[in-house]
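Step one of this worksheet: look at the structure below.
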Amino acid sequence: MPRNILLMPLHCFISLRWIWLFALTALLNYPNATAEENAGLLEPCRLFQDLLIVDYWNRRASERFPVAYNHLLQGGYFSMPSARMGCEGEVGFGYAQLPPYRHWNIRCQLTPFLELTGNYRVFRGVTDIALTRFGFGDFSDKGANFKLALFSPEDSSYQLPGFAFGMEDVLGTRAFKNFYFILTQVFPDYNIEASLGWGHERIRGFFGAAAWYPFRRSRCSLFSDLSLVIEYDAIPYHSRHIEKHPKGRIKKTAINGGLKWRLWDHWDFSASYIRGNALAFSASTFFNPGETVGLLPKKDDPLPYCGPTIVEPLGQLRSEQRVACDLLLELRRQQFDVLHVYLGYDNCDVKALRIHIANDTYRSEQQVKERLDALLARLIPNNIDAVSIVIEGEGFAIHEYRYNMAFVRKYAQKQMGSYELGLLSPMREVDLSADGEMATIFCQALPRFSAAFYPKTETFFGSSRGKFKYALGVTAAFEGYLFYDLFWSLQLGWLPFANLYSLKDVDRINPSQLINVRTDVIRYYQNKEVTLDEAYLQKSWNLGKGWFSRCSAGYFEMAYGGIAGQLLYYPVGSRWAFGLEGAAVKKRRYRGIAFATKIRKLKHTRPTYQHFFGSQFFADAYYHLKEANLDLKMQTGKFLARDWGVRWELIRYFKSGLEVTLWYTLTNGHDTVNGKRYFDKGIAFSMPIDMFYTRSLKERWGYGLSAWLRDVGAQAATGRDLYEAIRSERMN
């Protein structure tokens, strides 16, 4: 049989296949083909391919090359830094065995471009001439560092190098001071990161490093963040001026190498061979409290009201009391305290409801507004033309929302979104005259009593009898309101677990020469009995047009009590706030509730005593930088130790509710530490306790740490601050 005849079926099949593919392509591109036909033809051959492509690019867009940290817990390698940083809001703790030192480190990523670290460096085998004989142990030094990224590799999706500037040991003795510039390029396709920098002071000249992640693309996630690291160490260890430890001056090579390993995205380990003569090890952990929504889901929070719509008009079938009862019941279910409900005609002769509520649950103003919008859209009678909701806090009206019910009903019918309704019912100043023009249909006082329990912690670093002293216990807090809006607070403290009873209240090396308004605070924490930490009354007012005031009297803290007042101008929608505050206080005795008449003042180390009646007063200015979630505060005036000056605070907020505060005080109090003039500075953390609850709460727990416990720039607590109370209701 001829060969052509044998191949004819094959030729026919190929021809028919091409004809079919051509017809299929024409059909898919034919404009009149229905969507159903196109979808049916596309699904088998392209749907899964498109999904894979989308998944690939989603992963590439969210992919973040691993960040490693050096022995100071900075973004870096072993001894050298890099331009890389952690995620915004990250907090880390770590330990490094770096012969001949031991490092205890802390890290905070304050913003995407600012990394702050602190180090407590112990000199192994070197005694402290002044303190070791008292039980202090080896000599130690503490310092703080910062790194500012002008451009990070992530900003260009790793197409361009990151560039950063940093300074080390900017606080304390500055024995290890250093500053540097660094460029870091990431090559994600090759799993490599490389850095080149230049330093001055401790790091001298050019330095560089590289890290390779050989298993980054591996399916075994356990080893995906294991890296091989090599660096050129530009520290001249042989110099006595640079290297303070005698055993640290041996350097056989400038090349350091080793391994770094991140586990489960929360633990970092490293092992390295440094200076050609020592093995180093480090371990650290980190967590992002700035981004977390809490350790437990808020399953006990109520959903915004979605029950039946009840809009029958006021009349015989729905009385005023019935409307008040409906609102009271649902607002309470939303965790609001209803204080007043008024009904009448407002200044525009419009029939209106006016409701005063207190919010002790939600930290975000947006959460409050969302719940109010949903509730009013479904429960307000359709013959009510306007509703005003007044938000109260700390016993005074803060701001209000005024709703035109015509817009709210459009919102209920889904003819308008929540964004448009928010624009039409914005936050406003409280109309103080409106209540008196309406009839009261419900009235309730603020809660008279509530109780809560918080951890109580006190820590001291670098005392003469040990490097770390602590006191742990519990605070029982009771508060409420008398005569409707007179706030009272009572706090009892107990510290059953402590190792600070051997401490003295005088700095052996740098005794404060100012009156001891704060350096003797250790005496208050050495009480093994239950202590009265707070007991005061406070009355606050909204004066109208953005003006607020308060006065308070009683025991404000363990060390001071007296009277205080504050005047604040903080209008709705303003980034600025200005205020005046002052207090007259007396120092409490170390035991009991009596006040002392004299205060100690040291002459070198010899104690003398003088009569003391304390006073402090300040002019305050606040600025809220919404775009960066920052608050700036400046206090100018007289501090408790009779020194005059300025205190600056920078407060960074995170969406989880975490707040980080940095402060610096510049006064004319001539206090010296290690032969240099000292200005008070420190860092504080404040976090909402509902991170550990299944429901929202506004209560907070805080911890602060000064660079040095001194009397300069000190001030006494004076009760609840007006700015904090107002900001907590207006912030999102």
Inset, instruction - Please test Asn674 against Asn510 for side chain to side chain donor-acceptor pair (under 3.5 Å), starting from the C-alpha separation and ending with a verdict. - result: CA-CA 7 Å; Asn674 296 327; Asn510 299 288; 3.1 Å; yes
Inset, instruction - Applying side chain to side chain donor-acceptor pair (under 3.5 Å), run through Thr661 and Glu649 and close with a yes or a no. - result: CA-CA 7 Å; Thr661 302; Glu649 291 184 13; 5.5 Å; no
Inset, instruction - Please test Tyr560 against Tyr524 for ring pair (Phe, Tyr, Trp, His ring centres under 6.0 Å), starting from the C-alpha separation and ending with a verdict. - result: CA-CA 11 Å; Tyr560 291 97; Tyr524 293 97; 7.9 Å; no
Legend entry - side chain to side chain donor-acceptor pair (under 3.5 Å) evaluation trace for Glu394 with Gln538: CA-CA 9 Å; Glu394 309 288 354; Gln538 179 168 309; 5.5 Å; no
Inset, instruction - For ring pair (Phe, Tyr, Trp, His ring centres under 6.0 Å), just list the numbers for Phe685 and Tyr703, CA-CA rounded to whole Å, side-chain angles, deciding distance to a tenth of an Å, and then say yes or no. - result: CA-CA 5 Å; Phe685 299 88; Tyr703 175 78; 7.5 Å; no
Inset, instruction - Report the C-alpha distance between Tyr570 and Phe548 in whole Å, list the side-chain angles of each, state the deciding distance to 0.1 Å, and finish with yes or no for ring pair (Phe, Tyr, Trp, His ring centres under 6.0 Å). - result: CA-CA 8 Å; Tyr570 190 7; Phe548 302 88; 7.5 Å; no
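Listed for the Gln109 side chain is a donor-acceptor partner under 3.5 Å among the backbone atoms of Leu114. A donor-acceptor contact shorter than 3.5 Å links the side chain of Asp643 to the backbone of Gly713. Between the His103 side chain and the Leu98 main chain, no donor and acceptor come within less than 3.5 Å of each other. A donor-acceptor pair under 3.5 Å is absent between the side-chain atoms of Lys147 and the main chain of Asn145, judged by distance alone. Looking only at distances, a side-chain donor or acceptor of Arg550 sits under 3.5 Å from a matching main-chain atom of Arg720.
Ring planes of Phe165 and Phe181: tilted class, angle from 30 to 60°. Ring geometry for Phe179 against Trp198 counts as perpendicular: the plane angle is over 60°, on a 0 to 90° scale with 30° as the lower cut. Ring pair Tyr470/Phe468 is parallel by interplanar angle, where below 30° counts as parallel and above 60° as perpendicular. Using a 30° and 60° split on the angle between ring planes, Tyr664 and Phe679 fall in the tilted class, from 30° to 60°. Ring-plane geometry between Phe123 and Phe139 is classed as perpendicular, the angle between the planes exceeding 60 degrees on a 0 to 90 degree scale with a lower cut at 30.
Using a 4.0 Å cut-off between charged side-chain N and carboxylate O, Arg107 and Glu115 make no salt bridge. Taking the charged nitrogens against the carboxylate oxygens, Glu627 and Arg575 do have a contact shorter than 4.0 Å, which makes a salt bridge. Under the 4.0 Å criterion applied to side-chain N and carboxylate O atoms, Glu659 and Arg700 are assigned as salt-bridge partners. Electrostatic pairing of Asp141 and Lys244 does not count as a salt bridge here, judged by no charged N lying under 4.0 Å from a carboxylate O.
For Asp505, the salt bridge (charged side-chain N to carboxylate O under 4.0 Å, His left out) criterion is met by Arg523, Arg600, not counting sequence neighbours.
For the pair Arg647 and Phe639, the NZ or CZ position fails the cation-pi test of under 6.0 Å to the six-membered ring centre and within 45 degrees of the ring normal. Both tests do not hold together for Lys601 against Phe612: distance to the six-membered ring centre under 6.0 Å, angle to the ring axis within 45°.
Checked options Glu168, His241, Glu243; the residue passing with Arg202 is Glu243 (criterion: side chain to side chain donor-acceptor pair (under 3.5 Å)). Tested against Glu557, the residues Arg518, Arg588, Lys587 include a single salt bridge (charged side-chain N to carboxylate O under 4.0 Å, His left out) partner, Arg518.
Side-chain polar atoms of Tyr69 and Ser282 form no donor-acceptor pair below 3.5 angstrom.
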